[in-house]
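Values in this document were obtained by computation on a predicted structure and should not be read as measured data.
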Amino acid sequence: MSLKAELDCAVDDAAQRLLGCVLEREIDGTAVRVKIVETEAYDQTDAVSHSYKGRTPRTDVMFGPSGHLYVYFTYGMHYCCNVTVGGSGHGAAVLIRAVEPLGSETTLASRRAGKAGVELTNGPAKLCQALGITKAMNGHDLATSPLVLVMRPRLSKKEIVTTTRVGITRAKDVPWRFYIKHNPYVSRSV
DNA sequence: AGCGGGATTTTCT
DNA sequence: GAAAATCCCGCTT
C-alpha cells in the first residue's frame with residue numbers, strides 16, 4: 001500500500017497510525033533514522049488549525065495530496081513539521097511533536113549545540129533543528145529522498161496515550177494529541 | 001522543580 | 001498591529 005493511500009483517512013486516525021513510523025533523513029551524505037513517538041492532529045474543521053480559514057499561500061500544502069511535508073515558521077525563530085493527510089482538497093495535517101533517534105545521535109547533536117539525550121528531539125521545533133528541516137523543504141514528497149517516511153504496523157490502543165494538544169488557546173479540549181506510552185522522548189507526559 | 005520573560009518574523013486582521 | 005501548533009535561560013523555592 002502506498003504512503004499516500006495509508007494517510008488518506010480521518011486526521012485523528014492518521015495521527016495514531018504515524019506513531020511508531022520511521023523518518024529517514026539524509027544529511028551531508030549520512031543517513032539518520034528516527035521513530036515518531038508523539039503527534040497532534042489538525043483539521044480544516046478545527047478552529048485552531050492553520051487550514052481552518054481556508055486555502056491560502058501558507059496552507060496550500062495542507063490542501064494538497066497526503067504524504068507531503070508541511071513546514072511552518074513560528075514565534076519568530078522556530079520551524080515545526082507536519083505530514084499532510086486526508087487527501088487532495090482536504091486541509092489537514094499531523095504535527096510531529098517528538099521523535100526517538102535510532103542511532104546517529106552524534107549527527108543530530110551537531111545541530112543541537114550543547115544538547116544531548118532526550119533534549120535532542122523531544123519537541124516539535126527541536127526535532128526540526130536536529131534533522132535540518134526548514135521552510136526550504138515545505139511541500140516535499142515524503143516518498144522521496146532526502147527525507148523519507150516509512151510506515152510501520154499500527155500500534156495497539158494499549159500502547160497509545162490520547163490527550164489534549166499543547167500550546168493552543170482555542171479548541172483546548174479536543175483530544176487530538178497522541179503519544180507512545182512510557183517513551184522518554186515524549187515532550188510532556190500527562 | 002517550577003515560574004516568568006524574551007527572542008524575533010510570518011501571517012492574517 | 002497582534003498573535004503565534006516554541007524554546008531557553010535565569011531566578012525563586
Side-chain angles (χ1 to χ4, degrees), chain A residues 7 10-19 21 23 34 36-64 66 68-86 90-101 108-140 142 147 149 160-180 183-190:
Chain A
L7 295 174
V11 64
D12 53 332
D13 189 29
Q16 292 174 77
R17 286 185 184 218
L18 283 167
L19 290 176
C21 296
L23 280 172
V34 299
I36 298 171
V37 301
E38 179 180 352
T39 60
E40 282 181 4
Y42 289 90
D43 189 72
Q44 65 184 22
T45 60
D46 170 23
V48 74
S49 172
H50 294 166
S51 57
Y52 182 62
K53 293 181 180 145
R55 193 166 187 160
T56 67
R58 179 203 200 187
T59 60
D60 193 58
V61 176
M62 289 182 78
F63 287 86
S66 300
H68 286 239
L69 194 68
Y70 167 52
V71 181
Y72 68 89
F73 186 72
T74 193
Y75 291 106
M77 63 174 71
H78 295 301
Y79 292 105
C80 297
C81 69
N82 300 247
V83 177
T84 60
V85 302
H90 190 88
V94 174
L95 173 67
I96 309 303
R97 281 197 58 86
V99 299
E100 173 184 343
L108 292 168
S110 68
R111 291 178 184 267
R112 296 276 299 139
K115 305 297 177 187
V118 301
E119 295 292 318
L120 292 174
T121 55
N122 68 342
K126 297 178 190 180
L127 69 92
C128 281
Q129 186 182 5
L131 291 171
I133 295 172
T134 70
K135 188 150 190 155
M137 293 184 74
N138 189 37
H140 172 74
L142 290 169
L147 182 62
L149 174 61
I160 300 175
V161 177
T162 301
T163 182
T164 54
R165 294 171 291 182
V166 174
I168 56 175
T169 54
R170 287 164 289 169
K172 282 193 182 86
D173 299 328
V174 179
W176 273 3
R177 174 170 175 249
F178 308 96
Y179 64 84
I180 299 179
N183 188 289
Y185 286 85
V186 171
S187 67
R188 174 183 163 300
S189 297
V190 173

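Side chain of A:S187 to main chain of A:A98: no donor-acceptor pair is present (N/O by atom type, distance under 3.5 Å, no hydrogens or angles). Using modelled atom types, no side-chain atom of A:S49 and backbone atom of A:A92 make a donor-acceptor pair closer than 3.5 Å. Judged by distance alone, the side chain of A:N138 and the main-chain N or O of A:V71 form a donor-acceptor pair under 3.5 Å. No donor-acceptor pair under 3.5 Å is formed between the side chain of A:R170 and the backbone N or O of A:D46. In this structure, A:H50 contributes its side chain and A:R58 its backbone to no donor-acceptor pair below 3.5 Å.
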Check your understanding: Which letter, B, S or -, goes with each nucleotide of nucleotides 7-13 of chain B from 5' to 3', with contact meaning a protein heavy atom under 4.0 Å?
Key -> BBBSSSS
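Contact annotation for A:I168: backbone-only contact, meaning every heavy-atom pair under 4.0 Å involves sugar-phosphate atoms and none involves a base.
Listed by first then second residue, pairs satisfying salt bridge (charged side-chain N to carboxylate O under 4.0 Å, His left out) with a partner in residues 111-120 of chain A read A:E119-A:K126, not counting sequence neighbours.
Partners of A:D13 under the side-chain contact (heavy atoms from CB on, under 4.5 Å) rule, at least two apart in sequence or in another chain, are A:C9, A:A10, A:R17, A:R154.
A:V85 and A:L7 get closest at one heavy-atom pair: CB-O, 3.5 Å. Counting all heavy atoms, side chain and backbone alike, A:A130 lies closest to A:L108 at O-CD2, 3.5 Å.
Annotation: side chain of A:N82 is not in contact with side chain of A:V94 (no heavy-atom distance under 4.5 Å).
Of all the residues in residues 108-125 of chain A, A:R112, A:K115, A:G123, A:P124, A:A125 reach under 4.0 Å from DNA chain C with at least one non-hydrogen atom.
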Review point. Should A:V48 and A:R165 be marked as a side-chain contact (heavy atoms from CB on, under 4.5 Å) after you check the CA-CA gap, both sets of side-chain angles, and the distance that decides it?
Key: CA-CA 10 Å; A:V48 74; A:R165 294 171 291 182; 3.6 Å; yes
Practice item. Could you please spell out the steps behind the side-chain contact (heavy atoms from CB on, under 4.5 Å) verdict for A:K172 and A:T164? Key: CA-CA 7 Å; A:K172 282 193 182 86; A:T164 54; over 6 Å; no
Review point. Could you go step by step and tell me if A:Y42 and A:V11 meet the side-chain contact (heavy atoms from CB on, under 4.5 Å) rule?
Key: CA-CA 7 Å; A:Y42 289 90; A:V11 64; 5.7 Å; no
Point to revise | Structure string for DNA chain B in dot-bracket form, Watson-Crick and G-U at under 3.5 Å, | interchain | key: |||||||.||||.
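Of the residues near DNA chain C, A:Q129 and A:C81, the one whose nearest nucleotide (by heavy atom distance) lies more toward the 5' end is A:C81. Nearest-nucleotide positions on DNA chain C for A:N82 and A:K126 put A:N82 closer to the 5' end.
Reading DNA chain C from its 5' end, the first and the last nucleotide to sit under 4.0 Å from a heavy atom of chain A are C:dA4 to C:dC9.
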